[in-house]
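Indexing begins at 1, ligand by ligand and atom by atom, following the structure's order.
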Amino acid sequence: MRLVTVGSVAFDAIESPFGKTDKIVGGAGTFITLASSFFVKEQGIISVVGDDFPASTIENMKAKGIDIQGIQIKAGEKTFFWSGRYHNDMNSRDTLVTELNVLEHFNPIVPQAFQGADYLMLGNLSPQVQRMVIERMEKRPKLIAMDTMNFWMDIALEELKKTMALVDVLIINDEEARQLSGVYSLVKAAKVIRAMGPQIVIIKKGEHGALLFHEENMFFAPALPLEDVFDPTGAGDTFAGGFMGYIAATDDFSFENMKRAIIAGSALASFCVEKFGTQRLLELTKKELNARVKQFVTLGNFEMKEV
Ligand code: AMP
């Protein structure tokens, strides 16, 4: 097994200026593994759903090569439900509902087949659960990456710090980086965060791209300017899944390769937002993805003589 992900598999309901959905399939673990499936063939997911969750969705994940034996199905219980409403600028959103349901007492089980994995991706979940997964891996993976959000900073900061101390890569957005570090400058924030544990810090800036801090090096990846954004839900998870999938497939976490992994994640995220939920990722082809990677290369490329 190359890559193991722990993350929510969920129902989401989205409201955006482009429309409204009923309960559709979402969840950080779903977006992450669908994204990494473009690069890595041997991957597994650890999660939990209720018996209200459609078996066909789990079959779709399986068809993408994702090992689903780590998804627990709880009889008589309900799947995690999240609902959000996007503002007109599509950059900010309000969470309308968070029903933890099966996630409330989630006890992550690492199947034997997942032991020995080289790469571990901790999707946005309670830091205690994230840490349990690290502790339950018999061999420490070569690289552990983690996502988190302000919700955990507000209610479980000490637990979050304990988990952060155990990981190599932290992937968060700009506002969360500022909250966690207590400083405004993202360069200074990355320094403060690196002193907390993760030596590699990736700060996402939504439609303004992402920053990578790796030892003394810094890299900036743009986001592709799009004419229409329908639903940004899961874009951050898709970015993280694309990043980690690319690293796991290439088995190289040098600075130069991390730059490519960030572009892979950014390209996938640019598709995710084009339709509601996981729809665009499910129909996306490798050919379309490669065409978009080319657009990214062109977007940031220029020649200049000395001024
Ligand atoms: P993103 O847009 O990348 O921030 O991720 C949105 C996804 O995260 C949605 O599909 C939700 O189901 C999931 N999600 C939202 N809040 C939580 C939470 N507290 N724990 C786990 N997953 C969550």
Practice item. Decide whether the shortest distance between a heavy atom of Phe239 and an atom of ligand 1 is less than 4.0 Å. Key: no
Exercise for review: Give the residue, atom name and distance (to 0.1 Å) of the protein heavy atom nearest atom 2 (O) of ligand 1.
Suggested key: Gly234 N, 2.7 Å
Point to revise | atom 20 (N) of ligand 1 [closest protein heavy-atom partner, distance rounded to 0.1 Å] | key: Asn124 O, 3.7 Å
Check your understanding: Which of the atoms of ligand 1 are close to Gly27, meaning less than 4.0 Å from one of its heavy atoms?
Key -> 9 (C), 10 (O), 12 (O)
Exercise for review: Please determine if Gly26 has a nitrogen or oxygen closer than 3.5 Å to a nitrogen or oxygen of ligand 1.
Suggested key: no
Practice item. May I ask whether Phe80 places a heavy atom under 4.0 Å from ligand 1? Key: yes
Review point. Counting each atom of ligand 1 from 1 as listed, which ones have a heavy atom of Phe31 under 4.0 Å away?
Key: 10 (O)
Study note, to complete from the structure: Per side chain to side chain contact (heavy atoms under 4.5 Å, CB included), Phe31 is matched among Leu268, Asp237, Val9, Val25 by Asp237
Point to revise | Side-chain H-bond candidate by donor/acceptor type, Ser36 with Gln43, under 3.5 Å | key: yes
Review point. So which pairs with a foot in residues 204-248 pass ring pair (Phe, Tyr, Trp, His ring centres under 6.0 Å), sequence neighbours left out?
Key: Phe18-Phe230, Phe39-Tyr246, His214-Phe255
Point to revise | Close side-chain approach of Asp168 and Lys142, heavy atoms under 4.5 Å | key: no
Check your understanding: Do Gln179 and Asp154 have side-chain atoms, one donor and one acceptor, less than 3.5 Å apart?
Key -> yes
Review point. What atoms in ligand 1 come closer than 4.0 Å to a heavy atom of Thr233?
Key: 2 (O), 6 (C), 9 (C), 10 (O)
Practice item. For atom 11 (C) of ligand 1, grab the closest protein heavy atom and report residue, atom and distance to one decimal in Å. Key: Asp12 OD1, 3.4 Å
Check your understanding: Considering only heavy atoms, which of Val273, Val129, Asp237 lies nearest to atom 1 (P) of ligand 1?
Key -> Asp237
Review point. With a cut-off of 6.0 Å (strictly less than), are more than 12 heavy atoms of other residues, nucleotides or ligands near CZ of Arg178?
Key: yes
Review point. Is there at least one pair of N or O atoms, one from Ser8 and one from ligand 1, spaced under 3.5 Å apart?
Key: yes
Check your understanding: Considering only heavy atoms of Ala10, which atoms of ligand 1 have at least one such atom less than 4.0 Å away?
Key -> 12 (O)
Point to revise | Option of least heavy-atom distance to atom 19 (N) of ligand 1 (set: Trp152, Phe81, Trp82) | key: Trp152
**Study point:** Any donor-acceptor N/O pair, Glu159 side chain to Arg131 backbone, under 3.5 Å
**Key:** no
**Study point:** For Lys78, all residues meeting salt bridge (Lys or Arg N to Asp or Glu O under 4.0 Å), sequence neighbours excluded
**Key:** none
Revision key, fill the gap. For Gly236, the atoms of ligand 1 under 4.0 Å from one of its heavy atoms are 3 (O)
**Study point:** Polar contact flag, side-chain donor to acceptor under 3.5 angstrom, Asp231-Thr233
**Key:** yes
**Study point:** Contact with ligand 1 for Arg93, non-hydrogen, under 4.0 angstrom
**Key:** yes
Check your understanding: Without hydrogens or angle criteria, can the side chains of Asp67 and Gln69 be said to hold a donor-acceptor pair below 3.5 Å?
Key -> yes
